[in-house]
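Counting starts at 1 for both ligands and their atoms, following the listed order.
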Amino acid sequence: MKSARDIGNIKGKFVFVRADFNVPLVDGFIGNDFRIRKTLPTIDFLLGKGAKLVIGSHIGEEKTSLRPVCEYLESKYSVSFVENYYPSAPEVLKNSKSDIFLLENLRKYSEEKSNDEKFSKHIASFADFYVNEAFPASHRSHASIIGIPRYIPSFAGFVFEEEIENLSKAFHPDHPFLFILGGAKFETKMPLVKKFFSLADEVFIGGALANDFFRAKGLDTGSSLLSEEKLPMEDFLNKKLILPIDLVVKNGEMVSIKQSEDVRDGDVIADVGVKSIENLNSNISKSKFILWNGPLGNYENGFKKATFSLAKKIAKSSAKSIVGGGDTVASIASLGIEREFTFVSTGGGAMLDFLANETLPGIEALNNGK
Ligand code: 3PG
């Protein structure tokens, strides 16, 4: 994989930067600019070398617009927004004096997701070089991730490299190593759980994932979210596993704290209780390495307390800490404690896939590309 640092003489050339500006929008405004901020050093470096940039990204699904991101970039750079660019190339690329051409949401064209060859070739024709600075989208085999590198010389962006370097530390961790996993969709996380049960010394499971473990232990989970199919869990019910002992439970409009053994019909587990996080403090303090992805509660619906409190505890510890995932990063950003962690990944699903497989389609594309 070649680094953008070694891109050579690009004065007067066009560079296509695949960014990940898939940021949360609140009432049309950017809710959290973490991913955009992280991309700026690469943009500045390439502009500093005299190149013009064509930047492509997705945001949400096909109907969401990147215009709010364009306004954000306009406060720093001279930017042209390119609304339509397929099947014909936009004239503006030849005529405008702008430094940056931001393409509208790549997913507005279904050819992006289907990795259409004609589409990849077309986008590649806008530029002389390609830089992947979209680690969070690099688990997707989409045209802008794996298609374009077939046609023009391709390089990894600074954050892309930083992600690989830092996340790879989890494959050779310092011990004691505490792995913390939250969120939902256990079925998609099985390979990761398997791998890190073997690498870590202790594994704390929170979020909806914990419900599958409670079920495997024969506990009642009421009406809580569970994986559709019962997964083979026997290998994980060992002494490395730490499960929440108390839970925030919703039943109708009632919210209460229950011991994990006391959950009953109609209860919906919504968050990890205070006591569980207090108890986890001793595991955090003795750890030399902590890897955390995924919220501990139903974050989207306001059950954020355990996630916030865990973030603060890890931030205070002296362990090397690597964290990631959309909601996890949002909680860290709103607490303003980003700098207290060894590394905050920009990736959600991509972080998990990289940890499970030690590579991603986007990495392979750079390795095999032009
Ligand atoms: C993310 O937010 O994890 C990335 O931008 C990928 O988005 P996607 O899950 O919509 O492909």
Side-chain angles (χ1 to χ4, degrees), residues 16-26 30-40 42 55-66 68-70 72-73 102-116 119-120 123 131-148 156-157 159-160 162-164 166-167 181-185 187-189 192 207 291-295 299-300 307 322-334 338 343-357 359-366:
F16 179 87
V17 179
R18 183 20 166 129
D20 192 326
F21 293 153
N22 185 24
V23 291
L25 296 177
V26 184
I30 294 167
N32 172 0
D33 67 350
F34 177 63
R35 284 183 174 174
I36 309 179
R37 269 190 287 123
K38 292 278 283 189
T39 313
L40 300 184
T42 303
I55 305 184
S57 172
H58 71 289
I59 183 164
E61 286 311 316
E62 68 275 13
K63 292 225 162 65
T64 315
S65 174
L66 273 171
V69 176
C70 187
Y72 181 105
L73 293 175
L102 178 66
L103 305 183
E104 177 58 292
N105 187 355
L106 288 163
R107 288 189 189 167
K108 107 179 221 174
Y109 301 106
S110 62
E111 288 84 353
E112 159 67 357
K113 274 184 147 183
S114 63
N115 184 25
D116 182 86
F119 183 73
S120 301
I123 306 284
V131 171
N132 185 338
E133 194 54 299
F135 181 85
S138 289
H139 59 319
R140 304 287 184 213
S141 294
H142 294 173
S144 64
I145 301 290
I146 65 165
I148 304 175
V159 186
F160 193 97
E162 209 182 287
E163 290 277 358
I164 295 172
N166 281 284
L167 297 180
L181 191 62
K185 295 199 196 131
E187 56 278 26
T188 62
K189 293 179 180 164
L192 180 82
L291 177 65
W292 173 30
N293 182 297
Y299 196 91
E300 279 170 24
T307 304
I322 295 186
V323 296
D327 295 334
T328 317
V329 171
S331 69
I332 288 167
S334 62
E338 233 169 273
F343 184 68
V344 180
S345 175
T346 52
M351 172 185 177
L352 297 176
D353 281 10
F354 179 76
L355 289 172
N357 305 319
T359 187
L360 292 175
I363 298 175
E364 295 307 306
L366 290 181

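- Applying the ring-ring contact (aromatic ring centres under 6.0 Å, His included) criterion to Phe160, with sequence neighbours excluded, gives Phe135.
- Close contacts between ligand 1 and Asn22 involve ligand atoms 1 (C), 2 (O), 4 (C), 5 (O), 7 (O) [criterion: under 4.0 Å to a heavy atom].
- For the side chain to side chain contact (heavy atoms under 4.5 Å, CB included) test, residues two or more places apart in sequence or in another chain that qualify with Arg140 are Arg107, His142.
- Ser345 and Glu163 are linked by a side-chain donor-acceptor pair at a separation below 3.5 angstrom, with hydrogens and angles left out of the test.
- When the heavy atoms of Arg35, Arg140, Met351 are ranked by distance to atom 3 (O) of ligand 1, first place goes to Arg35.
- Between Glu112 and the options Leu106, Ile123, Asn105, a side chain to side chain contact (heavy atoms under 4.5 Å, CB included) holds for only Leu106.
- Considering only non-hydrogen protein atoms, atom 10 (O) of ligand 1 sits nearest to Arg107 NH1, 2.9 Å.
- Scanning all protein heavy atoms for the shortest distance to atom 7 (O) of ligand 1 gives His58 NE2, 3.2 Å.
- The closest approach between a heavy atom of Pro136 and any atom of ligand 1 is below 4.0 Å.
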Please evaluate residues Leu25 and Ile30 with respect to the criterion side chain to side chain contact (heavy atoms under 4.5 Å, CB included), reporting the C-alpha separation (whole Å), side-chain torsions for both, the decisive distance (0.1 Å), and the verdict. CA-CA 5 Å; Leu25 296 177; Ile30 294 167; 4.1 Å; yes
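- Of all protein heavy atoms, the one lying nearest to atom 5 (O) of ligand 1 is Asp20 OD2, 2.7 Å.
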